Amino acid sequence: MRRTTVLLCTCGSTLLDKIDFDKVRNELSKKPLVSRVEVVDGLCKSSVVKNLSLKPSERIIVAACSSRFLEAVFKSLLSISNVEFVNIREQCAWACENKEDASLKTIRLLSGSINKVVRIGLPKSHEDLKIVREALVIGGGIAGVRCALDIADAGYRVYLVEKEPSLGGVMAQLDKTFPTLDCSICIEGPLLSETGRNKNIVIIPNSEVVSVRGMVGDFRVLVRVNPAYVDPEKCNGCGECANVCPVYQPNKYDVNLKPVKAIYCPFAQAVPLKYVINKDYCIECGLCMNACTRAAINLEDKPKMLELNVGAIVVAVGSDLFDPRLKPEYHYGEYDNVITNMEFERIICASGPTGGVLLRRDGKPAKRVAFIQCVGSRESGQGIEECSYYCCAASMKEARLILEHDREAKVFIFYNELRAFGKGWEDLLYRRCLEDGIVFIRSRPSEIKRSLNGNLIIVYEDTLTGKRGELEVDIVVLALGFKPSEKLAKLAAALGISVDDKGFIEEAHAKVKPLETRVRGIYVAGTCHGPRDIVESAVEGSAAAALVISLFRGESIKLPETAKILENKCTGCGRCILMCQYGAIIRDGEKIRVLESICNGCGACVSSCPQEAVVLGDWGIEQLAPQISGMLGD
Amino acid sequence: MKMFSIREENLKVFLRELSLKHVLIAPFKRDGYFEFDVLRNPDDFNVNYTNTRLSPKRFFMPQRQLVFKHYPRKGFTEELKENSSVVLFGIRPCDASALSVLDNVLLNPPHKDALYENRRKNAIVVSLSCTKPMTECFCNVFETGPIRGTGEDLTFTHTSKGFVVEARTQKGIAVIGEFGELFREADGEMLNEYNKLIREVLDEMGSRLKVDKTRLIGIEKEAGEEFFQLNAQRCIECSLCSFACPLCYCFETEDYWEKDSYVRFRGWDTCISPLFTKMASGLDPRVTKADRLCHRFCHKLSRIPLTFNAYGCVGCGRCVSLCPAGIDIREVLRKWG
Amino acid sequence: MSSPETELRRLARSLLEKKAVDLVIGYEKSEAGVRPCFISEPNEAERLVWNPDCRLSLVRYLRGFKEKRVGIIVKGCDGRAIVELIKENQLDRRSTFIIAVECNGVYKPVKYGSSKLGRQIAEYCEKCEVRISPIRDHLIKSDVKALERPSPKNDGEPLDWLSLFRKCLRCMACVRSCPFCYCTECSIEGFKPALVHKLVDPVELFTFHLTRALHMAGRCVECGACESSCPVEIPLTRLYHELNEWFREKYGYVPGVNLEQAPPPLVFKEGEKP
Amino acid sequence: MVVWKPKIIAFTCWCSSSGVDQAGFEGFKYPANVLTVRVPCSAIVNPSLVVKALQEGADAVLLTACKPVELRKIAPSRITEARVSLLRRLLNTVGVEEDRVRILWISSNEGGIFASEVSRIVEEVEKLGPLNLRGKMIEQP
């Protein structure tokens, strides 16, 4: 029979005048199943514990201070699983009025624990998970690229899945970055090519994640690689094919403002620098095939499915922007000169459709430009209710770019609250804007009208003065807020992670686990979990990489206790599914299954099962009911 | 044995006297039906009671009783408390006969059941004959009623002129002696009425069910019979038939520990339960419901008779009436008897 | 117009003849009243009866015939039980042919030693609002008028439940007759003596009945199978009804009336008053 | 004469259990007849266990849990809240005072609240008197 030992700690003899240890020892010795009762001094000292010569098979009840202090001592010294901790210091000695009460309470609590510990089975053989030390980063924007590079630099293989033909994301489309007005692609370009060169990074462009199985340390990810119709192994990016291609298409990279051939490379700094064919426009004339000296083009290319086995996943897919058509009062898409800030970035960029000259659509130079802030953010109904973070700084940057190109230009910014909180935003952006004579008007304009000469008239009420006004300008730039796409929700569903009420990916905990999701081993970085700027996205990319690396550094993962379903008992009624707030229990055919990587171990399922077919550690009725009986049995 | 009589109005006096000297248990109405319990007020007793819904076996074989305690540092203590003498008044002859079968099974050396004996040895069983048997009753089949059973110390029979009292055992005679002033010898007129009553009631019951008991021994061979399969479909495996039965005596034990001792309890079990014959190895000689149902009838109608020379059924009709699924032992009797 | 019983027999016969079902579960006459019967031959259909003694819910028998196509005769409450069982993934709707019979209430059972005179409608039928199964393949209308329902009595008057529990024998008839007690290991049967011991300690009857009530809460369709099987006549349905009321008040959920309505998770939304 | 003192079982979740520790640490005294059962989360407490505790002789049962608003969308203690409400309805029906089962919102740093709430509850339970289910279930009236 397994022995049951009770260890009573006097806490450096300080508890001797609070608890009558002799009485406790006598009472406990009378109990069935108790083989040994020891009163010792200082169980927190490892030498004291070692002297007790406890055996791994023993059931041990430790009556001492809070288990938060002692658990570690016992776990590190002994491989004993059946240890029950009873807090006789904080909960008895220190909380009771007198010695008699404290002793009685000690006896009662211990009687309960004795009853409980004998109901705990033999130590379970804890099978640790082996980790696949390879990571998947979904999304090749700045967050994803930064993350992939950091993981790769630590020596682990990274798969970088990007839905577009090239890495780069939004940052690659920007002209300059705020607040320093550095050239955007000049900063990102080197990072991209470093990523392309890195031996540990496998870039998978034109691809999307379809489904994920498995759990932390061992995910199986199914990726669909869409056809590029050009073999990337053979293509050397010479561009001969594009030269002969007779068809033009709008370039997505240039926000559809500049034409490009149907076989194209999105931009000069693209990584990988390979050509692809847009089948929506290709007429399959075959000219490119003739031109290609390396026979890289295959018009019959089919989508391929790829299964990746990775230990961790970082989601850095970014976010969409608000669709300004939803605000009819601004007439976007109807009035040519109402443009979005992304379109503005391409127009003002030297490599853009106008070669960097700000022109109206009718070709006249734009002399008066207005920015309208918070389009699709900070309002209920359309868009998102929160601040989109980047747009005040972005519009101020863009305003200054206009003045850099044309000192005579007049720029107006319609704002609600100007938020210039980042490093250098106040001095390098806002102050300089004021110095440059950019006009800030506190207003959310009610309408944009068009005059006969094609000029735009902004109708607004200045909320500082209360005066209504109309302002005639050449171009209106709408500063769009973030808006998570439906695609993001689909991806989240495939990954098993949750999205918040705005549609962004939800963190495991907003404060202390900001980059972890509800699925262990899946992390999030960048704008897909809320509005951010480039800096924050890069920070999060690096931070997520650090989490992945620390996961990979460990030998194996100690999973927290999760619920388990006893299949021979389970009837499949599904009450546990109904109860689980984490969505960690699913119906899998006839069976019910716990997704261990999602389970948080709260036990709502355990108590919902009428026949205790769900178990979680030693917290079932089988253990707790005897514990209560023991406590009350006097 | 000798026949006595007691006047109707003296019955209450007798009961009051009895309750002063003994623990008097008698049926009285509670929540709409009659149940045995300690009779504190003799006025609660109604001569025209119908038989109790639950059998009186629980006074000798409680549903759960302590067998022993074991203290870690002291050893065993057997829990045989001396019981004060119990008088079970107003038991029906069928239930009294069931007690005699139980005596046969449980008090036969060498397998004497000390716990049963302890409760049974001082008990006095006084029956009151059924003059209006219920529709479920078939005690005539096993000759366990309706007027006289086999386990009583005294048999009271209600006639128009009072009660005819038959002393059946020495214990019974002693009771008559104890309360001599209330009893007198039965006169001829009363005995005539008594004998007529016996005939009438037996005739009435005999017309309901006639069984050739000698053939019942053969049921065992019919175990695979469709009859049991059909009834097994119906059976919901509650243990009501066994719990209500006045002589189902199967028990099980349960050991556990309490505050300062290990304890063993024993209590009623039922062969209808799928766990009854299930062994730790997983082997179960009676896997199907039909097996178990057949076993129940075989045991009562063929095995107990072969071993103890008495039938395991006394025809009280409780299982017939209470079974939620309408399984009826009378069908078995008709089919094989 | 033919009586429900005749219609029932005709339907059962044709179902069996057409081999639309393997088996019809219904009621037949027995010496002591009415009992469940299982009919697989067309000519046996004549045994079927329908009267106010057909009280035991037949739904609990369905789990014994998972592999077969079963025709089952259901009252309103039994139909509700089927609805709940489908929601709990215990029943294949496609292999069950539901013969709904309009129910006008059933009689309280006459048990050993109680008077047979003056048959009374069962108490739970007095409260019943669903007399026809909400889910059905065939409906048989009743030709008799509803049993007289005395105006609900005793409702305000609380019962002494503890003394009712005290009478309990723990024979498990309530559990065994219940359509919803399909657990492989009943937690209150005492296999693992954590909540209640195998041998009944009278004080544990409190835990036994309260646990059962908690397990029935929001599921019980108040068919009265437990109550009518109980040898000591504990009005369990009334207890479970009280908890169903809680579910109705908090979540607007009534078990068994709507197949589309998922059972509510036992959670209070933020701001809701417990 | 032995003065009757109510026995109270308190199921404490991980967080509130460290709140209870804090109460002792800060020197708050509260009645010794409150016995704590530590569980990972209040949602794991099967209502049957509460019933069992009453049956075994507890005069009242407390469940201490994290207040739901502290958490975000996910709050298993809301399950506890609903269960306690259901259980109180049940107890009320069978004639046991519903105030014998309560939920207390205690987080890790609310030891003081625990001590004062528990003291108040003990007083209230003293007013209710002993539950004595064993007596009610076994002895005849």
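Everything numeric here is computed off the predicted structure, so don't read it as measured data. Letters A, B, ... are given to chains in the order of the sequence lines, protein chains preceding strands, and every chain is numbered from 1.
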When the 4.5 angstrom heavy-atom criterion is applied to A:E622 and chain C, the contacting part is both
C:E185/A:K569 salt bridge by N-O under 4.0 Å criterion: yes
In terms of side-chain geometry, is the basic nitrogen of C:D137 or C:R93 positioned less than 4.0 Å from the acidic oxygen of its partner? yes
Can you tell which part of C:R63 gets under 4.5 Å to a heavy atom of chain A, answering side chain, backbone, both or neither? neither
What part of C:P263 gets within 4.5 angstrom of chain A, counting heavy atoms only: side chain, backbone, both, or neither? both
Would you mind checking if C:R55 and C:E227 are paired as a salt bridge, meaning a charged N to carboxylate O distance below 4.0 Å? no
Salt-bridge present (C:K68, C:D22; N to O < 4.0 Å): no
